[in-house]
Amino acid sequence: MSKWLICAAWPYINAVPHLGTLIGSVLSADVIARYLRLKGEEVVFVSGSDEHGTPIEVEAIKLKISPKELTDKYHQLVKKLFERWNISFDNYSRTENPIHVDFVRRFYLKLYERGYIYEKEIEMPFCSQCQMFLPDRFIEGECPYCHYKGARGDQCDSCGRLLEPTRLINPRCNICGGKPIIKRTKHWFFDLPKLANELYKYVENNEKLPPNARNMSLAMLREGLKPRAITRDNKWGIPAPFPGSEGKTIYVWMEAVLGYITATIEFFNRRGEENRWKEFWLNEDTKSVYFIGKDNIPFHTIIFPALLIASGENYVLPWTVSSTEYLLFRGEKFSKSRRVGIWIDEALELFPVDYWRFSLLINRPENKDFNFTWEAFKESVNSHLNDTIGNFIHRTLTFIYKNFGSKIPKVNNLFEEDEKEVNKVKGMVQKAEKLLDDFKIRESLITIVSIAAEGNRYLNERAPWDLIKTNRDKAAQVMYVAAYIVKVLAVTLYPFIPTSAQKIWNMLGYEGVTRDWGEAYILPKAGQQIKKPKPVFKKISDEDLKNALQKLEEIRQRN
RNA sequence: GCCGGGGUGGCCGAGGGGUCUAAGGCGCCGGACUCAUAAUCCGGUUUUCCGGGGUUCGAGUCCCCGCCCCGGCACCA
């Protein structure tokens with residue numbers, strides 16, 4: 001048994017997350033957390049709301065409420081939503097959590113004392129009206145290259161070129177429209193170059209890292225790292241702890257990643273086991289896995305490990321990261337302002353949670369961006385979840401229910417072809433298992449679908465509806481094996497669609513919950529009484545889809 | 001612009017020098033079956049792998065040039 005830290009990227013909580021955020025971090029992580037627990041591993045699964053930074057501060061100003069009021073509201077909401085999505089967090093925390101705030105301040109003070117942080121004066125755009133320094137992207141103006149009027153201080157959305165705010169024509173503050181001035185300010189910098197050698201060693205020796213993350217990180221390290229500012233002039237954030245840093249806060253990114261640690265601390269504190277977090281974080285054998293979107297790779301392969309190394313406290317470095325590409329919505333990027341996409345609150349109003357989980361997971365963008373379309377959603381639910389899996393389970397259970405007095409039939413010895421079938425299925429379970437071990441979630445789920453397809457093929461070939469007329473024993477054998485395949489599905493589907501897997505498990509006559517992946521290799525008990533079967537899934541008709549889209553419109557009108 | 005990843009049939013997608021005249025799925029066509037949710041199963045159907053050049057006995061697979069998409073580039077998170 002090993003110790004595992006399953007860490008899902010912290011959603012930025014200026015709004016409800018959309019489906020892309022969900023599949024990229026939290027949902028993928030949930031599958032692995034559930035899987036590892038089934039395997040008997042010791043797992044702590046954490047994430048939380050990332051609630052500091054300029055966008056939230058600005059959003060709160062616009063709504064005329066305090067940032068804390070804003071994040072309180074969203075944090076509560078999102079926490080509940082994740083529960084409804086059946087995300088099995090051990091702790092879903094937040095960056096306003098006092099344990100986090102305190103930990104971050106002490107952590108950075110330590111880095112300062114160890115000589116990894118220095119201060120420097122720089123020039124920054126400042127809005128006199130708003131009385132605040134403006135991050136580059138809060139300045140708008142005309143692009144000096146393509147003369148697009150809405151270019152931001154960091155980049156022009158029209159021609160894609162990188163910019164600096166000073167080069168914009170007619171720069172203005174994105175909040176009040178005023179003209180920013182340039183003002184000197186002091187900031188604290190994290191001396192990344194000092195850690196370059198150790199980081200290079202870490203990345204190079206970490207053959208567990210996926211090739212894309214590894215190549216990118218090594219390339220960045222070869223090109224050389226630059227020091228990185230860790231303070232901001234924001235009011236909304238964790239107060240910087242350095243001498244003379246009053247009024248400054250820690251840059252969100254540099255503190256939110258430490259949340260993986262503080263959420264673990266909080267989790268064990270709540271259980272009255274104050275020191276147990278150390279068994280995970282200060283243990284070189286702990287395997288920590290980070291579920292992130294592709295934009296997030298360098299933060300988890302370079303900056304986060306750098307912070308951990310700099311602390312000198314022997315925190316366990318990321319064992320690996322599992323990054324996804326993006327989910328697109330009908331060919332476009334999700335966009336809150338333009339309402340392109342589906343949000344995790346809306347989705348739950350439209351279809352059962354397991355339909356969403358299944359569809360998102362079987363289309364998980366592991367190699368390239370995946371384009372969400374309603375047709376693709378419908379196809380995955382209808383053809384794979386309902387027709388292949390659902391129908392196999394239903395035809396098996398109803399056959400047993402009707403012909404064998406609702407008991408899994410008794411067999412003395414399996415015939416050769418039935419025995420062979422059992423072994424074939426066991427091999428497929430092994431394959432699904434191996435794929436999950438490598439975090440190939442999508443492929444693993446596809447393999448499980450093919451187990452159901454194999455069950456269908458087997459039933460057609462052995463035709464127990466004929467056998468039962470001539471040779472009841474033979475039919476019993478076939479149905480016993482089919483019942484085993486249903487059991488396999490109940491166990492292996494659990495990490496992906498826990499509610500439905502649970503239903504299948506109970507329908508097979510088991511009490512309680514599926515707790516052990518090993519059950520997928522154990523034949524069911526003959527004579528076990530099954531429940532009256534009911535279809536676990538149902539098809540989405542064109543009509544259903546139409547209604548859902550209409551409902552979506554209504555939800556959006558309401559809000 | 002620089003760095004990393006990617007471009008495979010109508011669509012989704014495996015495959016990273018020979019077993020690729022390219023897996024699997026969806027769709028479509030035909031058949032079987034009737035236990036089951038008009039489901040299931042079997043067979044067929046389609047691409048020569050973004051474009052061009054090269055290396056090699058042999059290239060989706062390696063190299064070079066170009067085009068396109070995604071991400072990063074350090075003050076968005």
Trainee: When the distance from CG of A:N371 to P of B:C69 is rounded to whole Å, what number comes out?
Mentor: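 Distance, rounded to whole Å: 15 Å.
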Trainee: What interatomic distance, in whole Å, is found between C1' of B:G53 and the corresponding atom of B:A59?
Mentor: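 Looking at atom C1' only, B:A59 and B:G53 are 14 Å apart.
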Trainee: Describe the nucleic acid contact of A:P535 in one word from base, sugar-phosphate, nothing, applying a heavy-atom distance below 4.0 Å.
Mentor: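 Base contact.
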Trainee: With heavy atoms under 4.0 Å as the rule, sort A:F537 into base, sugar-phosphate or nothing.
Mentor: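 Touches a base.
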Trainee: Are A:R94 and A:E96 close enough for a salt bridge, meaning some N to O gap below 4.0 Å?
Mentor: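 Judged by the 4.0 Å cut-off on N to carboxylate O distance, A:R94 and A:E96 do not form a salt bridge.
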Trainee: At under 4.0 Å between heavy atoms, which parts of nucleotides 4-12 of chain B does protein reach? Answer with one letter per nucleotide, 5' to 3': B base, S sugar-phosphate only, - none.
Mentor: SS-SS---S
Trainee: Return the value, rounded to whole Å, for the distance between atom CZ of A:R137 and atom C1' of B:A77.
Mentor: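 My rounded result for the distance is 8 Å.
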Trainee: Assign A:G390 to base, sugar-phosphate, or nothing according to its heavy-atom contacts below 4.0 angstrom with the strands shown.
Mentor: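 If one applies the 4.0 Å heavy-atom cut-off, A:G390 turns out to touch a base.
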Trainee: Answer with base, sugar-phosphate or nothing: what part of the nucleic acid does A:R457 contact at a heavy-atom distance below 4.0 Å?
Mentor: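 Sugar-phosphate, backbone atoms only, no base.
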Trainee: Under 4.0 Å between a side-chain N/O of A:Y401 and OP1 or OP2 of B:C35, yes or no?
Mentor: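 So the side-chain polar atoms of A:Y401 never come under 4.0 Å of the phosphate oxygens OP1 or OP2 of B:C35.
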Trainee: Would you indicate what A:G455 reaches in the nucleic acid, counting non-hydrogen atoms under 4.0 angstrom: base, sugar-phosphate, or nothing?
Mentor: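 Answer is nothing: A:G455 stays at 4.0 Å or more from every strand.
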Trainee: Distance-only criterion, 3.5 Å: show the donor-acceptor pairs between side-chain atoms of residues 252-260 of chain A and protein atoms not counting sequence neighbours.
Mentor:
from, atom 1, to, atom 2, distance (Å)
A:E255, OE1, A:H100, NE2, 2.8
A:E255, OE2, A:H52, ND1, 2.4
A:Y260, OH, A:H300, NE2, 2.7

Trainee: Quick one: label A:K469 by what it contacts on the DNA or RNA (base, sugar-phosphate, nothing), any heavy atom closer than 4.0 Å.
Mentor: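 No contact.
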Trainee: Atom CG of A:N391 and atom C1' of B:C33: how far apart are they, to the nearest Å?
Mentor: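 Between C1' of B:C33 and CG of A:N391: 13 Å.
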Trainee: With sugar-phosphate meaning primed atoms plus P, OP1 and OP2, does A:D154 contact a base, only sugar-phosphate, or nothing at under 4.0 Å between heavy atoms?
Mentor: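 If one applies the 4.0 Å heavy-atom cut-off, A:D154 turns out to touch the sugar-phosphate alone, with no base involved.
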Trainee: Assess whether a salt bridge exists between A:D544 and A:K539, defined as any Lys/Arg side-chain N lying under 4.0 Å from an Asp/Glu carboxylate O.
Mentor: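 Result for this pair is no, no salt bridge flagged.
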Trainee: Students often get this wrong, so: under 4.0 angstrom with heavy atoms, is A:I446 touching a base, only sugar-phosphate, or nothing?
Mentor: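 No contact.
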Trainee: Hey, does A:F299 reach any base, or is it just sugar-phosphate, or nothing, if we go heavy atoms under 4.0 Å?
Mentor: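 Answer is base: heavy atoms of A:F299 come under 4.0 Å of a base.
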Trainee: Looking across every strand, which nucleic acid part, if any, lies under 4.0 Å from A:A376 by heavy atom: base, sugar-phosphate, or nothing?
Mentor: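 No contact at all - A:A376 keeps every heavy atom at 4.0 Å or more from the nucleic acid.
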Trainee: With P as the reference atom in both, quote the distance from B:U55 to B:C64 in angstrom, rounded to an integer.
Mentor: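 Their P atoms lie roughly 15 Å apart.
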